[in-house]
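Here the structure comes first, spelled out in structure tokens, and everything after it is commentary.
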Amino acid sequence: MELLLKNANIVTDKENYISDIYIADGIIKKIEKNIEIPNIKTIDIEGKYLIPGGIDVHTHFNIDVGIAKSVDDFYTGTVAAACGGTTTIIDHMGFGPKGCSLHHQLEKYHEFAEKNAVIDYSFHGVIQHIDNEILNEIDSMISDGIPSFKGYMTYDYKLSDKDMLKLSYKLSSSGGLLTVHPENNDIIDYLKNKFAAEGKLSPKYHRESRPSRCEGEAVNRMADITSVTDCPLYIVHLSCEEGLNHIKEAKDKGQKIFAETCPQYLVLDESCYSLPENEGLKYICSPPIREKHHQEKLWEGIREGYIQTVATDHCSFSFSEQKLMGKDDFRKCPNGLPGVETRVALMFSEGVSKGRIDINKFVEVVSTNPAKLFGIYPQKGCIAAGSDADLVVIDPKIRKKITKGELHENTDYTPFENIEIIGCPVMTISRGEIIVKDNKFIGQKGRGKFLKRKPFSY
Ligand code: URP
Ligand code: ZN
Ligand code: ZN
């Protein structure tokens, strides 16, 4: 299959220029002005932006959180991703039976994804417990193409500091990357019980039971633990200034520390928890949506390079049946928000169109850095001869409001309803195939391929 794209305003993490691109067999073959090849499919991009396809390194498809099962699977989730300009996702394997092996979960996730995913994909290993068997399995997981492993500091399968230390020793000597959900579990536990005893069970007490300092403390603890083991550390869904300050301090000392934030922390604020008619439940996620002043700090962290990626933490539940389980008690509301489809548009609009970041930084955080950190660069995350032809056209002139009716995520709401967008993806190409045009998915179910990722070497 061949494809010629004419007059594209190509944007990478470093440059922008007008050119044509010739694609064959799913790969970018030539980038030059005035390429003429008769009798092949040719599309005039008309000077719109052409960026490397978005890479979302934090999704939770098919996840069962005990009180609810998320509503997006690898088909609906990747269709939504593709419609929003994302051509690769890295999903977090959910928790398996207590004591199960890493490969048990890996096999399960291969089954979930193959025959369903419509874009290329990989998984992060998730560590439920630490023992010698798990530590011994890590090398073979890395050989199987899974070099990143997540440890939670809260929830049922939280790891102790000692477990994190053992894990990070192992990963630092094996070419692995430790990714961490940082929140101080004791503080959360204590505050949740205290608020419940006082009858404070509305959504805003979800936020109050998880203060930003409890995230900051956990980031700092992990930075110290991994400084002992020299293990690369990646902080997921950073939401607050306190965490960012600890990251800056560690990075400025030369530590291998990286951070991800998500659109919800950049564009929403805590007032969402006080919306009437149980609407606040729509925003229950962990860490919670913060006070407004954190937003500008996070944008600054992106501009200064302390935050390298913007992912979504897409973990979707329906409002009408699942989020509403928390209407009398926030503790019964499943944690998580949809967002895989709105990330690229929100980052372009809130970031580039509103002048908070330049367009190269936008490409860096939504595509290039995720590819580099997670071992798929330069196959993904760049526009160069030899790379996969994963490309997204962005029309910077489109103005519209985000509305659930236009999205493909399998939920009955979006937390970004009514936000005005200036500029958004209008075409998605995955390995040379146009899979989304005019907001319609036109590819085949199951066309996505598993990406065997390289060991960490950023
Ligand atoms: O509330 C959230 N973020 N749910 C998804 C699981 C996680 O913590 O990443
Ligand atoms: Zn998390
Ligand atoms: Zn998550």
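Basis for what follows: all heavy atoms, side chains included, without hydrogens, waters or symmetry-related copies. When a ligand or atom number is given, it counts from 1 through the structure's own listing order.
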Sub-4.0 Å heavy-atom contact, His58 with ligand 1 = yes
2.8 Å cut-off (strict), protein N, O or S atoms about the Zn ion (ligand 2) = 2
Which ligand 1 atoms does His181 reach within 4.0 Å, using its non-hydrogen atoms?
-> 7 (C), 8 (O)
State yes or no: are the ring centers of Phe258 and Tyr234 separated by less than 6.0 Å?
-> no
Any idea which protein heavy atom is nearest atom 3 (N) of ligand 1, and the distance to it?
-> Asp313 OD2, 2.6 Å
Before giving the answer on ring pair (Phe, Tyr, Trp, His ring centres under 6.0 Å), spell out for His110 and Phe123 the whole-Å C-alpha distance, their side-chain angles and the decisive distance to 0.1 Å.
-> CA-CA 9 Å; His110 273 302; Phe123 316 110; 5.3 Å; yes
Close-contact set for ligand 1 against Cys285 heavy atoms, below 4.0 Å | 1 (O)
Taking the six-membered ring where the residue is Trp, are the ring centres of Phe74 and Phe61 under 6.0 Å apart?
-> yes
Strictly under 6.0 Å, is that where the ring centroids of Phe374 and His124 end up?
-> yes
Using a distance-only test with no angle check, is there a side-chain donor-acceptor pair under 3.5 angstrom linking His58 and Asp56?
-> no
Identify, for atom 1 (O) of ligand 1, the protein heavy atom at the shortest distance, and state residue, atom and that distance.
-> Ser286 N, 2.8 Å
With a 4.0 Å cut-off, would you call Lys200 and Glu208 a salt bridge?
-> no
Does a side-chain N-to-carboxylate-O contact under 4.0 Å join Lys69 and Asp64?
-> no
Protein heavy atom at shortest distance from atom 6 (C) of ligand 1 = His60 NE2, 3.6 Å
Can the positive tip of Lys158 be found less than 6.0 Å from the middle of the six-membered ring of Tyr152, inside 45° of the ring normal?
-> no
Could Arg213 and Glu217 be called an ion pair, given the rule that one side-chain N must be under 4.0 Å from one carboxylate O?
-> no
Angle class for the Phe195/Tyr205 ring planes (parallel below 30°, perpendicular above 60°, tilted otherwise)?
-> tilted
Of the protein's non-hydrogen atoms, which lies at the shortest distance from atom 8 (O) of ligand 1, and what is that distance?
-> Tyr155 OH, 2.7 Å
Charged N to carboxylate O below 4.0 Å: is that the case for Asp161 and Arg221?
-> yes
Which residue supplies the protein heavy atom nearest to atom 4 (N) of ligand 1, what is that atom called, and how far is it?
-> Asn335 O, 3.2 Å
Any N or O of Tyr152 closer than 3.5 Å to N or O of ligand 1 | no
Contact flag Cys315/the Zn ion (ligand 3), N/O/S atoms, threshold under 2.8 Å = no
